[in-house]
Amino acid sequence: ADDLGYGDVQCDNHERGKIPTPYMDQLAKEGMRFTDAQSKATSLLQAAGVSEGMVVVLGCEEPELLAGLRANDRYIVHGLDTRSSVIAKTREYLFAKNLYGPVSVTTFDGVHLPYADNLVNLVVISNNEYRISNDEVMRVLAPNGVAIIDGKKTTKPWPASIDEWTHNQYKPDYNPVSKDLRVAPPRQLQWIERPLWARSHEETPSVSAFVSARGRVFYIIDETPSGFKGAPETWKLTARNGFNGMLLWKKDIPVGEWGNSSWSTIRKGGYYGRYEHPVLERRLAAVGNTVYVTLGYNAPVTALDADTGTEIYTYADAPFVDEIAVDQDTLYVSFYETKQVALGETSNPPAQKKAIKAYDTKTHKSLWTSKSYSGLNLKLDHLANLRNLLMTVGTEHIFLLDENEVVALHRKSGKEAWRAALPSDVNLKMQYGFNMRAFCTLIASGDLLIIGQVLPPIRPARPGKKVPEARYKAPVCTVQVY
């Protein structure tokens with residue numbers, strides 16, 4: 001329409017509007033009108049630089065502002081006011097717009113904010129009648145959270161006492177001792193999200209991997225209800241705000257491309273039982289604002305934007321990745337050259353070797369590719385040909401397992417620097433088919449390699465058995481430094 005002004009639409013100008021606009025009025029009634037308060041909400045979010053999480057507004061005189069701050073599903077908005085009459089009017093507006101729930105309001109005492117510590121991402125205070133101290137605002141704000149008070153922006157800094165957990169065992173050096181000083185026995189729930197129940201330890205774990213970076217958590221989970229035996233698995237890569245659990249995004253992993261059915265053909269009681277993959281948890285890492293993951297059992301590494309889950313780049317020339325490590329703008333992957341098939345008692349192809357490849361994470365260019373290595377098998381049953389390298393990153397070298405030896409590669413070239421024997425080379429079958437020799441940990445401290453390995457009790461094989469078996473006798477753990 002030519003020269004259509006704000007006041008020409010009936011829903012915006014009931015008293016003076018002369019032109020009937022029934023269809024626009026209906027759209028406004030069923031949807032949301034972008035008014036001055038809506039523009040104010042957009043400006044507040046832009047000024048704060050907060051793209052997700054929990055927003056708290058003190059003063060509920062402008063219900064349109066509260067509605068506008070719910071810019072998308074990544075936000076939840078909570079309004080506080082000392083006046084019950086204002087709360088009732090605002091609540092009525094939100095119900096009429098079908099927004100109540102994600103946007104909610106309640107009364108408070110005007111002094112204390114009714115939230116747990118480090119829960120809120122944005123606090124907006126424009127009413128000077130409230131006596132909220134700065135300490136109280138900082139208490140409820142999550143690290144990197146923002147307060148806008150009378151138009152002034154204040155950001156809560158990230159404390160040195162809170163660390164990130166970017167890889168399965170903390171960092172690419174796989175030393176599982178972080179610098180976090182806040183970790184302690186839990187005293188209360190910060191947040192809780194579905195699914196509330198996971199599978200029994202007798203079955204396939206519901207969570208395959210879990211890491212954190214920049215106040216967000218990323219994990220791979222099977223959302224199929226745990227009580228349904230034999231139901232199709234529904235694996236998803238999920239991103240949430242780490243301080244309040246707000247869902248940021250989910251990425252589907254195709255059916256049949258994850259879980260034990262990908263590598264085992266043997267079922268037990270409707271499930272695939274205790275046939276865990278030895279290093280599946282090493283297929284997820286989050287560094288800075290990038291998530292590195294294999295979106296399938298036979299898949300390359302895909303780099304995703306941590307904010308949105310959108311794809312940044314796929315490292316397609318290493319097509320079947322088994323382990324991921326990221327350090328100093330370099331991505332390291334161990335990978336097979338051919339697709340892996342599910343293993344069974346009658347269908348068990350020979351074990352394949354794996355090479356390591358390095359990429360520049362800024363340019364995505366390949367830096368080098370190592371020669372291939374055999375790794376070490378975690379199981380002595382039909383999954384014996386599933387082998388892992390336990391790739392570990394030191395300051396100057398990459399460390400890995402190769403049969404009965406540990407190998408060091410130069411980080412800059414991928415060429416072999418040295419190799420040495422493991423403390424034990426005895427295969428000993430444990431319960432569920434686990435190989436005691438493979439209970440081995442590689443930790444890099446600077447460029448010092450520390451190996452912890454379980455040493456089996458010396459017992460001969462029983463009649464008819466090819467290898468000795470550990471039967472309720474305590475093993476010995478040894479630590480060796482290279």
Side-chain angles (χ1 to χ4, degrees), residues 50-58 69-70 73-82 87 100-125 130-147 154-166 168-170 176-201 205-207 209-221 223 225-226 238-248 250 286:
V50 174
S51 61
E52 67 196 55
M54 186 173 183
V55 179
V56 172
V57 180
L58 274 63
L69 288 170
R70 165 78 170 173
D73 291 345
R74 294 158 60 92
Y75 297 93
I76 188 170
V77 182
H78 199 205
L80 300 175
D81 205 294
T82 56
I87 291 295
Y100 204 80
V103 184
S104 60
V105 292
T106 191
T107 56
F108 81 124
D109 63 7
V111 178
H112 304 97
L113 297 175
Y115 308 108
D117 298 357
N118 302 314
L119 187 71
V120 181
N121 300 103
L122 174 60
V123 174
V124 179
I125 305 177
Y130 301 116
R131 295 174 289 111
I132 308 296
S133 68
N134 185 67
D135 288 344
E136 178 71 352
V137 173
M138 291 297 111
R139 178 186 69 80
V140 303
L141 275 180
N144 292 338
V146 173
T154 303
T155 301
K156 181 176 179 176
W158 188 279
S161 58
I162 296 181
D163 204 354
E164 297 178 334
W165 196 275
T166 62
N168 169 250
Q169 292 291 327
Y170 177 48
V177 181
S178 79
K179 299 176 183 178
D180 195 294
L181 301 179
R182 299 287 187 92
V183 174
R187 296 177 291 110
Q188 64 187 37
L189 281 175
Q190 182 80 358
W191 55 269
I192 187 168
E193 274 294 343
R194 295 177 185 274
L196 302 181
W197 304 99
R199 292 196 188 99
S200 158
H201 71 284
S206 296
V207 178
F210 194 108
V211 296
S212 71
R214 293 191 177 179
R216 298 175 175 132
V217 293
F218 308 92
Y219 54 94
I220 297 175
I221 187 169
E223 294 188 347
S226 58
T238 302
R240 292 187 182 275
N241 185 289
F243 293 100
N244 50 48
M246 278 296 299
L247 178 64
L248 306 180
K250 288 186 179 183

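Just so it is clear, the values below take in all heavy atoms, side chains as well, and ignore hydrogens, waters and symmetry mates. Since we're looking at a predicted model, the values are computed, not measured.
- Closest of all the heavy-atom pairs between S212 and V217 is CB-CG1, 4.1 Å.
- Across all their heavy atoms, I87 and T106 have their closest contact at CD1-O, 3.3 Å.
- The backbone N or O of L141 sits nowhere less than 3.5 Å from a side-chain atom of Y115 that would complete a donor-acceptor pair.
- Among all heavy-atom pairs drawn from P176 and W165, the shortest one is O-CH2, 3.8 Å.
- Of the inter-residue distances, the one linking L248 atom CG with R240 atom CZ reads 8.5 Å to the nearest 0.5 angstrom.
- The shortest non-hydrogen separation linking P143 to N118 is CD-OD1, 3.9 Å.
- Atom CH2 of W191 and atom CE of M246 lie 11.0 Å apart (nearest 0.5 Å).
- A donor-acceptor pair is defined here as one N or O able to donate and one able to accept, closer than 3.5 Å; no such pair exists between the side chain of E164 and the backbone of R216.
- A 6.0 Å sphere centred on NZ of K179 holds no more than 12 heavy atoms belonging to other residues, nucleotides or ligands.
- Aromatic ring pairs are classed by plane angle as parallel below 30°, tilted from 30° to 60° and perpendicular above 60°; the pair F108 and Y130 is tilted.
- From L113, atom CG reaches atom CZ of R139 across 6.5 Å, with rounding to the nearest 0.5 Å.
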Next on the checklist: I'd like to know whether N121 forms a side-chain contact (heavy atoms from CB on, under 4.5 Å) with N241, so could you lay out the CA-CA distance, the side-chain angles of the two residues, the decisive distance to 0.1 Å, and finally the verdict.
Outcome noted: CA-CA 10 Å; N121 300 103; N241 185 289; 3.3 Å; yes
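- The distance from the CG atom of L58 to the CG atom of D81 is 8.0 Å, given to the nearest 0.5 Å.
- Between A147 and M138, the shortest heavy-atom contact is CB-CE, 4.5 Å.
- D163 and Y170 form a side-chain donor-acceptor contact under 3.5 Å, judged by distance and modelled atom types alone.
- I76 contributes atom CD1, which lies 8.5 Å from atom CG of N244 (distance to the nearest 0.5 angstrom).
- For G245 against E193, the heavy-atom pair with the smallest separation is O-CG, 4.0 Å.
- Within the 4.5 Å cutoff, no side-chain heavy atoms of T82 are placed close to those of D109.
- With V120 as the partner, the side chain to side chain contact (heavy atoms under 4.5 Å, CB included) test is satisfied by one option alone out of V55, V137, V56: V56.
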request  = Please step through side-chain contact (heavy atoms from CB on, under 4.5 Å) for the pair V146 and T155, ending with a clear verdict.
outcome  = CA-CA 4 Å; V146 173; T155 301; 3.8 Å; yes
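- Looking only at distances, a side-chain donor or acceptor of Q190 sits under 3.5 Å from a matching main-chain atom of F243.
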* To do: Take I221 and F210 through the side-chain contact (heavy atoms from CB on, under 4.5 Å) test and state the conclusion after the steps.
  => CA-CA 9 Å; I221 187 169; F210 194 108; over 6 Å; no
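- Note that CG of L80 and NE2 of H112 are 13.5 Å apart. Values are rounded to the nearest 0.5 Å.
- At least one donor-acceptor pair under 3.5 Å links the side chain of R74 to the backbone N or O of S51.
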